[in-house]
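Have a look at the structure below before the remarks.
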Amino acid sequence: MEIIIQPTAEEASRLAARVVANKIKAKPSATLGLPTGRTPLVLYRELIRLHKEEGLDFSSCSTFNLDEYVGLAPDNKNSYNFYMRDSFFKYVNIDLKNTHCPDGMTDDIVATCQAYEDAIEESGGIDLQVLGIGSEGHIGFNEPTSSLASRTRIKTLTAKTVQDNTAFFGSVDAVPKHVITMGIGTIMQAKEVILLAFGRQKASVVAKTIEGPVTAMVPASVLQHHPHVKFFIDEEAAAELKLKPYYTTVFNNKPKWQQF
Ligand code: GLP
C-alpha cells in the first residue's frame, strides 16, 4: 500500500489525476472504474484541465461507475448517471457509448447486476479503479458487513449513509434506501486501485482502513489485500494515522523511476 499525504485535497487530487492520466497514456483503451460523491470532484476538474490544455485523450477509454440509486432515472439530478455526465463526461472526449453506470430503473435487478459484471469482464477488466470512502468505511455502496467477496448487487443503505446524503435530496425521506453497487470482490479484481479521502471527518475511517484489522465492518480495509493500491489523502484525513511520519518519508524518498 502506498499512502500519499498532501497538504490539501487540491494537491492530492492533482497527483491522483496524474496517475489516471499516466494510465490512459500507457493504455489509451484503459477501462476505468469511477466513483461519485464530493471527494472526486477536484480530480475530475483536473482531468478536464489535462484534456483541454494537454490533450489527454479519453476517446478510446471505457468507464464503469461503482453504483447507482434504485429508482432514479439517468435524467434525475441526484442520480449518479446524471452526476457523471454533468461533472465529467460532457467536458472530455469520451464516447458516451463506452461509459457504464448501473441502471437504477431496471425491473430485473438480478439480471442487470449480472450484465454489469459481464460487461466489465468483456471490457478486459478494470485497469484502474478510483474510490472515495464513506464515513463508515464503505467503498461503492458496500456498507459495513458486506461480504468481502461480493459482486454487483442490490444493497440497503445504512441510516448513517442516508444521513450523509440527505443534503443532496433535501430530506431523509427523499433519499432512496436501495442502491445497486459493484461488489467488494468486483472492486478487488481491478488491476490497480486509488482511494481518495479528504477532511477531518474522514480521519478515523482512514486510520481504520489503513492501519486497522481487515474486517467487513470497515469494508475499505479489504484493500490491505490488494497488491496495487494507493491512498491519496490530505493532512486532515491523515490526522489519526499512527505511521504518518513513515508514509511521508517513503513518499519524499521515492526513487525517480517510481515517481508519477
Ligand atoms: C457515496 C458513494 C461513494 C462515495 C461516498 C463518499 O456513498 N456511493 O462511492 O465514496 O459517498 O462521499 P463523499 O465523497 O461525498 O464523502
Side-chain angles (χ1 to χ4, degrees), residues 8-10 12-13 16-17 20 32-46 63-72 76-84 86-88 100-104 113 116 126 128-146 150 152-169 172 174-184 186-188 190 193-206 208-210 218-223 229-234 236-239:
T8 64
E10 185 84 32
S13 300
V20 178
L32 306 174
L34 296 178
T36 50
R38 302 167 193 88
T39 306
L41 286 171
V42 186
L43 168 76
Y44 291 143
R45 213 173 62 211
E46 178 64 7
T63 66
F64 286 87
N65 262 82
L66 282 164
D67 44 18
E68 179 58 289
Y69 292 105
V70 170
L72 296 198
N76 184 308
K77 290 206 157 115
N78 282 317
S79 75
Y80 288 161
N81 268 282
F82 187 92
Y83 168 109
M84 287 312 297
D86 196 52
S87 315
F88 185 37
H100 307 82
C101 192
D103 174 10
C113 293
Y116 207 66
I126 292 174
L128 177 63
Q129 175 68 56
V130 185
L131 297 173
I133 185 168
S135 55
E136 292 183 314
H138 70 226
I139 45 179
F141 267 134
N142 293 285
E143 298 284 32
T145 71
S146 285
S150 51
T152 304
R153 69 214 185 290
I154 188 169
K155 284 295 288 179
T156 305
L157 297 181
T158 62
K160 178 75 172 82
T161 302
V162 169
Q163 189 57 49
D164 287 349
N165 287 308
T166 295
F168 298 108
F169 290 86
V172 166
V175 182
K177 306 299 179 291
H178 291 109
V179 293
I180 293 174
T181 180
M182 267 187 211
I184 296 179
T186 321
I187 293 168
M188 287 295 282
V193 177
I194 62 178
L195 184 147
L196 279 58
F198 309 133
R200 190 66 183 83
Q201 72 285 2
K202 296 280 170 79
S204 158
V205 80
V206 162
K208 286 182 192 150
T209 296
I210 295 172
V218 183
S221 64
V222 74
L223 294 171
V229 58
K230 294 181 174 62
F231 293 84
F232 289 87
I233 51 191
D234 65 0
E236 290 188 359

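Count residues from 1 along the sequence. Every number for a ligand or one of its atoms is a count from 1 in the order of the listing.
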For ligand 1, what N or O to protein N or O distances fall under 3.5 Å?
residue  : atom   : partner : partner atom : Å
ligand 1 : 7 (O)  : His138  : NE2          : 2.8
ligand 1 : 8 (N)  : Asp67   : OD2          : 2.7
ligand 1 : 8 (N)  : Gly140  : O            : 3.3
ligand 1 : 10 (O) : Ile133  : N            : 3.2
ligand 1 : 14 (O) : Arg38   : N            : 3.3
ligand 1 : 14 (O) : Thr39   : N            : 2.9
ligand 1 : 14 (O) : Thr39   : OG1          : 2.4
ligand 1 : 15 (O) : Arg38   : N            : 2.8
ligand 1 : 15 (O) : Arg38   : NH1          : 2.9
ligand 1 : 16 (O) : Lys202  : NZ           : 2.7

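Scanning both residues, Ile233 and Ala238, for their nearest heavy atoms gives CD1-CB, 4.1 Å.
Proximity of a side-chain donor or acceptor of Asp86 to a complementary backbone N or O of Phe82 within less than 3.5 Å is not detected. A donor-acceptor distance shorter than 3.5 angstrom exists from the side chain of Lys202 to the backbone of Ile133, with no hydrogens or angles considered.
With sequence neighbours excluded, the residues forming a side chain to side chain contact (heavy atoms under 4.5 Å, CB included) with Thr156 are His178, listed by chain and number.
For the 3.5 Å distance criterion, the side chains of Arg153 and Thr186 fail to qualify, holding no donor opposite an acceptor.
Aromatic pair Tyr69/Phe169: ring centres closer than 6.0 Å.
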